[in-house]
Amino acid sequence: MNFIIGLLVNAGILLTLSSLLPGIRIKSFGTAVLVAFVIGILNATIGLLLRFPLNILTLGFLSFFVRLIVTAVMIKIADKLFNDFELKGFTPALIIALVSAIAGTLLSLN
């Protein structure tokens, strides 16, 4: 159940940020849900493989920033996979990753 709530919250974040920021374009809520799902899968697989050596390299002191950068990279990969989802540059991906991290932290407090 928490997975579905997190997925819907991330899709809502994508739609909200696409209306607020000019560098993000997303076609519909259905596309936002699919993109959020793919970003989650990418983070759980490739993102984990990237975060692990980077956290060892930084001795875990920069784990929040490593997670943020790796998530932004996964968002850019999802941008390349979908025609109905477009990011102009790396900064919008970083903003989406930051807002998603804040929302995830707030959801985990309950």
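Just so it is clear, the values below take in all heavy atoms, side chains as well, and ignore hydrogens, waters and symmetry mates. This chain uses plain numbering: 1 for the first residue, then up along the sequence. Just so it is clear, the structure is predicted and the values come from calculations on it, not from any experiment.
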| request: Evaluate side-chain contact (heavy atoms from CB on, under 4.5 Å) for Leu107 paired with Val9, printing each intermediate quantity in order. | output: CA-CA 9 Å; Leu107 282 176; Val9 167; 3.9 Å; yes

Flag side-chain contact, heavy atom, 4.5 Å: [X] against [Y]:
X     : Y     : value
Asn10 : Ile39 : no
Leu54 : Thr58 : no
Met74 : Leu50 : yes

Hydrophobic clustering (ILVMFWY, side-chain heavy atoms < 4.5 Å, transitive) - are [Y] and [X] grouped together?
X     : Y      : result
Ile5  : Leu106 : yes
Ile77 : Leu49  : no
Ile13 : Leu8   : yes
Leu48 : Val66  : no

| field | Pair Thr31-Ser28, side-chain donor/acceptor within less than 3.5 Å | value |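 Judged by distance alone, the side chains do pair up.
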
At their closest point, which heavy atom of [X] faces which heavy atom of [Y], and how far apart are they?
X     : Y     : result
Ala11 : Ala36 : N-CB, 4.0 Å
Phe29 : Gly12 : CE1-N, 4.3 Å
Ser18 : Ile26 : OG-CG2, 3.3 Å

| message | Going by side chain to side chain contact (heavy atoms under 4.5 Å, CB included), name the residues that satisfy it together with Phe37, two or more places apart in sequence or in a different chain. | response | Phe3, Leu7, Ile41

Would you give me the side-chain donor-acceptor pairs under 3.5 Å for residues 79-99, sequence neighbours excluded?
residue: Asp79; atom: OD1; partner: Leu87; partner atom: N; Å: 3.2
residue: Asp79; atom: OD2; partner: Lys76; partner atom: NZ; Å: 3.4
residue: Glu86; atom: OE1; partner: Arg25; partner atom: NE; Å: 3.1

| query | Atom CG in Asn55, atom CZ in Arg67: separation rounded to 0.5 Å? | reply |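 Asn55 atom CG to Arg67 atom CZ measures 8.0 Å (nearest 0.5 Å).
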
| message | Once rounded to the nearest 0.5 Å, what's the spacing between atom CD1 of Ile56 and atom OG of Ser63? | response |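 That separation rounds to 12.5 Å.
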
| said: Just to verify, which of Ile75, Leu15, Leu14 counts as forming a side-chain contact (heavy atoms from CB on, under 4.5 Å) with Val35? | reply: Leu14

